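Scroll down for the structure; my scribbles are underneath it.
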Amino acid sequence: MIRHTLEELLRDALSAAQTAGDLPTFEIPPIEIARPPKPNMGDYSTSLALKLAGTAKRAPLQIAQSVVKHFPAHAAIAQVESVAPGFVNLTLAPAWLAQQVNEINAAGAQFGNVPLGNGAHVQIEFVSANPTGPMTVASARNMAIGDTLARLLRAANYRVATEYYVNDAGSQVRHLGESIYARCAQQRGRDEPFPDDGYKGEYVNDIARAILERDGDTYLQMEYPAAVRALKKIGVSMMLEKIRATLARAGVVFDEWFSEQSLYDSGLFNTILDKLAAKGLTYEKDGAVWFQATALGLDKDAVLVRSAQVVSEPDERPTYLASDLPYVWNKLVTRGFDRAIYIWGADHQGDVPRVLAGAQALGLDPKRVVIIIYQLVRLTRGGEKVRMSKRAGEFDTLDDLIDDVGVDAVRFLLITSSADTSMDFDLQLAVQRSNENPVYYVQYMHARIAGILRNAAEQGIARGQADVNLLRHPAELNLIKQMLKLEEIIELAATKLEPHHLPHYAMELGRAFSAFYDHCPILPPKQTDAALTRARLELAVAAKTVLARALDLVGVTAPETM
RNA sequence: GCCCGCGUAGCUCAACGGAUAGAGCGUUUGUCUUCGGAACAAAAGGUUGGGGGUUCGAGCCCCUCCGCGGGCGCCA
């Protein structure tokens, strides 16, 4: 990556200046490179001279001048200059830039990959919505962030496993089973009361109907608790199928669907309790089992297993935290992931310290646990706040949103702002706004290139024997620079786990192509120079590849026609 | 009350502690007898919520107010 090359060259320059006595001897800190605000300031810049002024005991500008003086010659660099108050600006060489078109085309779909992760094994767990109803739009941001992150980390040389944590233990899924039972009975004409905590959505009726159709009255003839247990299992698996289908529409496929219940069935839950107890980090109080989180610096202790007085069902006594602890152990020890990444909404931020403390209590390095908190999307419809309650049956499904707005627009929109930003999302506006979503601009540029390539083929223009050195127009060089930036964006986004940089980059790249397209005719009859046609076709092919990659990383399609 | 996040152009949002704070949409104007006009070029639009502080340099870091969202239970 050119950026890293420049860092090394700057380091060499500093070191050479020290050897020559132009600068005093001091330890050279990590070199940070930025992009200057204006094009006439070059392509890259560094403020290292400003930062070194103290340690080097020289005026910033003087340090910058020394760096320029000792900067090694390099084919990629056309100009190095110092500028007040102490910046060093670097300009890339046109000949080198033009050559990069061949490099990009040689790399093809691999272009943009960076070695960052060194093959480390990372798990990303996301969505993990309760399997008690269809996916709602409330899960959309979680899904978009998690899946884009997975794609990004793969591009950054991590081994990535994606996982959906299925909350199939506890009272919520029991309520689902009870709701299905009630609907089955009602559909058979029985006067069965609907449970207070039941799920009132119409989809429960659909499930009941399907079950009656398939299995007849089997479950209605069973003892109630056994029937609920059976219907719960069937309901969960049917909901998961529905959720899986919705996710597939959105371009999201999970490597693993991990059952919460399995943590209890396997005995791992008890093992973890024993481990904590052995360290003296649990105690009993009022019939409940507590985790002594205060011993790890937290404000208060947390309940792991509720008392019989509070929760009658023994299976439902463990809290969320109780399963989070064996789960993190399972991730980091049983399965040996180097890092476990969680994507949680801001409504779970309070659980973060407890899980990290729990990991630490179990002797795991908390740095291997990364919990990304995203701010909740504020859903409105025509300015009115939308309430989301699966239990009351009031919610907007993700399927409906995809029907109305389209997968590409939804994903692009949701990933454009950083996880820390509370987004406003108006379901009514989203439909109208779909045509002005920037995603279409980027896709259009891709389709446009595809159209040009089709035209070229029709005109019998074959690729090959192109001399990319003919590419010297500012719009051509700028487009190449933007394409090269993909590597930096992937490295940045993967390092900081911030997928929102991708859509902004895609727009920037689209603009660069559009400007090139407007200023530089490619095909006859507009372009009469056959050699230039071939060179520009190479550039167009490269641009198409990079645009497609940028879109794919966000999970957006790159259409050949629109 | 305490904890976390956020307050940037009319709207939705960007901006490794760096240079004159940028995009999209919207508004206004222009370009082109369209290699795909879902385009390009330009303009208007800002005291980065207020006030202090640190720094050569602050939208970004610290303090403090105000506002918004979320969390603070043997709920899940």
Side-chain angles (χ1 to χ4, degrees), chain A residues 32-38 41 45-47 50-51 53-54 59-60 83-87 89 130 132 167 169-173 175 197 285-290 299-300 302-311 316-317 319-320 345-353 373-378 391 413 416-426 429 433 435-445 447-456 459 488 492 495-496 500-501 503-505 507-508 510-511 513-515 517-527 533 536-537 540 561-562:
Chain A
E32 290 174 4
I33 290 185
R35 291 179 179 267
K38 298 288 170 191
M41 299 172 178
S45 73
T46 178
S47 59
L50 288 159
K51 289 181 174 128
V83 102
F87 292 102
N89 292 343
N130 280 346
T132 52
N167 295 109
S171 59
Q172 290 308 312
V173 284
H175 294 321
D197 293 320
K285 193 179 92 181
D286 304 331
V289 179
W290 293 71
D299 288 341
K300 41 182 145 177
V303 173
L304 287 169
V305 185
R306 290 177 289 249
S307 64
Q309 299 97 291
V310 176
V311 178
E316 297 176 6
R317 282 177 201 151
T319 60
Y320 264 10
D347 52 343
H348 289 103
Q349 57 180 266
D351 299 327
V352 174
I373 297 294
Y374 63 92
Q375 298 304 307
L376 300 181
V377 178
R378 185 190 176 84
R391 216 180 271 180
L413 196 68
T416 299
S417 46
S418 92
D420 285 337
T421 298
S422 320
M423 303 181 63
D424 286 348
F425 194 97
D426 192 306
L429 271 181
R433 200 165 45 189
N435 282 328
E436 62 192 48
N437 190 311
V439 72
Y440 296 109
Y441 174 83
V442 182
Q443 288 184 315
Y444 178 67
M445 291 307 147
R448 220 179 198 185
I449 299 174
I452 292 165
L453 298 181
R454 280 192 300 271
N455 284 349
Q459 293 186 33
E488 295 178 28
L492 171 72
T495 301
K496 302 180 80 172
H500 74 273
H501 297 290
H504 294 278
Y505 168 71
M507 283 187 270
E508 208 176 355
R511 274 195 296 278
F513 175 79
S514 196
Y517 173 86
D518 267 45
H519 291 109
C520 304
I522 302 171
L523 298 178
K526 283 207 166 187
Q527 181 53 259
T533 288
R536 285 180 173 167
L537 274 175
T561 60
M562 283 180 79

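Just so it is clear: chains get the letters A, B, ... in the order the sequence lines come, proteins before strands, and each one is counted from 1. For clarity, every value in this text was computed on a predicted model and none was experimentally measured.
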### Message
Contact between A/Tyr505 and A/Pro503 at the side-chain level, heavy atoms closer than 4.5 Å - yes or no?
### Response
no
#### Entry: Base paired to B/G69 (Watson-Crick or G-U; both N/O distances under 3.5 angstrom)
B/C4
### Query
Under 4.0 Å between a side-chain N/O of A/Lys51 and OP1 or OP2 of B/C56, yes or no?
no
### Query
If only side-chain N and O atoms of A/Tyr517 are considered, is one of them under 4.0 Å from the OP1 or OP2 phosphate oxygen of B/G37?
yes
### Message
If I take atom CG in residue A/Leu523 and atom P in nucleotide B/G36, what distance separates them, rounded to the nearest angstrom?
### Response
8 Å
### Task
Looking only at non-hydrogen atoms, find the nearest pair between A/Ala447 and A/Arg454 and report the distance.
O-NH2, 4.4 Å
## Note on the structure
Out of B/C16, B/C35, B/A19, minimum distance to the side chain of A/Ile452 belongs to B/C35
### Whole angstrom value for the distance that separates C1' of B/C13 from CG of A/Leu413
10 Å
### Task
Could you tell me whether A/Pro36 contacts a base, only the sugar-phosphate backbone, or nothing, with contacts defined as non-hydrogen atoms closer than 4.0 Å?
base
### Task
Grab the two heavy atoms, one from A/Glu316 and one from A/Ser171, that are nearest each other, plus how far apart they are.
OE1-CB, 3.4 Å
### Task
Would you say whether A/Tyr444 stacks on B/G36? The test is a distance between ring centres of less than 5.5 Å and an angle between planes of less than 30°.
no
### Message
In whole Å, measure the gap between the C1' atoms of B/A42 and B/C61 for me.
### Response
38 Å
### Query
Do the numbers put A/Arg448 on top of the ring of A/Tyr517, so that NZ or CZ is under 6.0 Å from the six-membered ring centre and no more than 45° off the axis?
yes
#### Entry: Span that lies between the C1' atom of B/A39 and that of B/U34, in whole angstrom
9 Å
### Task
Quick one: label A/Val352 by what it contacts on the DNA or RNA (base, sugar-phosphate, nothing), any heavy atom closer than 4.0 Å.
nothing
### Query
Which part of the nucleic acid, if any, lies within contact of A/Asn167, taking any heavy atom under 4.0 Å across all strands shown: a base, the sugar-phosphate backbone alone, or nothing?
nothing
### Message
I want to verify a distance call: between B/A19, B/G70, B/U20, whose nearest atom is closest to the A/Asp347 side chain?
### Response
B/G70
#### Entry: Residue A/Ala34, side-chain atoms from C-beta onward, closest of B/C16, B/A38, B/G69
B/C16
### Task
Tell me whether the OP1 or OP2 atom of B/A15 has a side-chain N or O from A/His500 closer than 4.0 Å.
yes
### Query
Heavy atoms under 4.0 Å, any strand shown: does A/Ser171 hit a base, just sugar-phosphate, or nothing?
sugar-phosphate
### Query
With no angle test and no hydrogens, is the base of B/G69 tied to the side chain of A/Ser422 by a donor-acceptor pair under 3.5 Å?
no
#### Entry: Phosphate-side-chain proximity, A/Asn455 and B/G36, N/O vs OP1/OP2 below 4.0 Å
yes
### Task
Return the value, rounded to whole Å, for the distance between atom CD1 of A/Ile33 and atom P of B/C16.
16 Å
### Query
Does A/Val439 offer a backbone N or O that forms a donor-acceptor pair with the side chain of A/Asn437 under 3.5 Å?
yes
### Task
Determine the Euclidean distance between corresponding C1' atoms of B/G24 and B/G45; express it in Å to zero decimal places.
15 Å
### Query
Counting only Watson-Crick or G-U wobble pairs whose two distances fall under 3.5 Å, which nucleotide matches B/A39?
B/U31
### Task
Grab the two heavy atoms, one from A/Thr416 and one from A/His504, that are nearest each other, plus how far apart they are.
O-NE2, 2.9 Å
### Under 4.0 angstrom between A/Ser47 side-chain N/O and B/G57 OP1 or OP2
no
### Query
For the side chain of A/Asn89 and the base of B/A19, is some donor closer than 3.5 Å to an acceptor across the two?
yes
### Task
Over all heavy atoms of both residues, which pair between A/Leu376 and A/Asp347 is shortest? Give the atoms and the distance, please.
CD2-OD1, 3.9 Å
#### Entry: Test item: A/Thr132 side-chain N/O and A/Val173 main-chain N/O as donor-acceptor pair under 3.5 Å
no
### Query
Looking for any heavy atom pair under 4.0 Å, which part of the strands does A/Arg378 touch: base, sugar-phosphate only, or nothing?
sugar-phosphate
### Task
Identify whether any heavy atom of A/Ala447 sits under 4.0 Å from a base atom; if not, whether one sits that close to sugar-phosphate; answer base, sugar-phosphate or nothing.
base
### Query
Expressed in whole Å, how much space separates the P atoms belonging to B/U28 and B/G69?
34 Å
### Query
Is A/Gly170 touching bases, backbone alone, or none of the nucleic acid, heavy atoms closer than 4.0 Å?
nothing
### Task
Indicate yes or no: at least one non-hydrogen side-chain atom of A/Cys520 is less than 4.5 angstrom from one of A/Gln527.
no
### Message
From CD1 of A/Ile373 over to P of B/G71, roughly how many Å is that when rounded to an integer?
### Response
12 Å
### Task
Please confirm whether any donor atom in the side chain of A/Ser514 sits under 3.5 Å from an acceptor in the base of B/C40, or the reverse.
no
### Task
Examine B/G36: is either OP1 or OP2 under 4.0 Å from a nitrogen or oxygen in the side chain of A/Thr561? Give yes or no.
no
#### Entry: Rounded distance in Å between the P positions of B/G46 and B/A21
13 Å
### Summary
Ranking B/A15, B/C72, B/C74 by distance to the side chain of A/Lys300, first place goes to B/C72
### Task
Taking only the side-chain heavy atoms of A/Gln375 (C-beta and beyond), determine which of B/A39, B/G69, B/C16 contains the nearest atom.
B/G69
### Message
Looking at the base of B/G71, is there any donor atom on it, or on the side chain of A/Gln349, that sits under 3.5 Å from an acceptor on the other one?
### Response
no
### Query
Watson-Crick or G-U wobble partner for B/C11, using a 3.5 Å limit on both distances?
B/G24
### Message
If you assign A/Asp299 and A/Pro438 each to the RNA chain B nucleotide with the nearest heavy atom, which residue ends up on the more 5' nucleotide?
### Response
A/Asp299
### Task
Could you work out the separation of B/A58 and B/G49 based on their P atoms and round it to a whole Å?
16 Å
### Message
For the C1' atoms, the ones on B/U48 and on B/U20, what distance do you get once it is rounded to whole angstrom?
### Response
15 Å
### Below 4.0 Å: OP1/OP2 of B/C40 and any side-chain N or O of A/Tyr441
yes
### Euclidean distance, atom CG of residue A/Leu50 to atom P of B/A58 [Å, nearest integer]
13 Å
### Query
Less than 3.5 Å between a donor and an acceptor, one on the side chain of A/Ser417 and one on the base of B/A14, is that the case here?
no
### Task
For A/Asp518 and B/A38, give me the distance from atom CG to atom P, rounded to whole Å.
13 Å
### Query
What is the nucleic acid contact for A/Val303, judged by heavy atoms within less than 4.0 Å: base, sugar-phosphate only, or nothing?
sugar-phosphate
### Query
How long is the line joining CG of A/Asp424 and P of B/U12, in whole Å?
6 Å
### Message
Closer than 3.5 angstrom, by distance alone: can the side chain of A/Thr533 be matched with the main-chain N or O of A/Ile522 as a donor-acceptor pair?
### Response
yes
### Query
Between A/Pro37 and A/Met423, which has a closest nucleotide on RNA chain B that is more 5'?
A/Met423
### Query
Could you state the CD1-P distance from A/Ile522 to B/U34, rounded to the nearest angstrom?
17 Å
### Query
Below 3.5 Å, does any donor atom in the side chain of A/Arg454 face an acceptor in the base of B/G36, or the other way round?
yes
### Distance, C1' atom - from B/C13 to B/G73, rounded to whole angstrom
37 Å
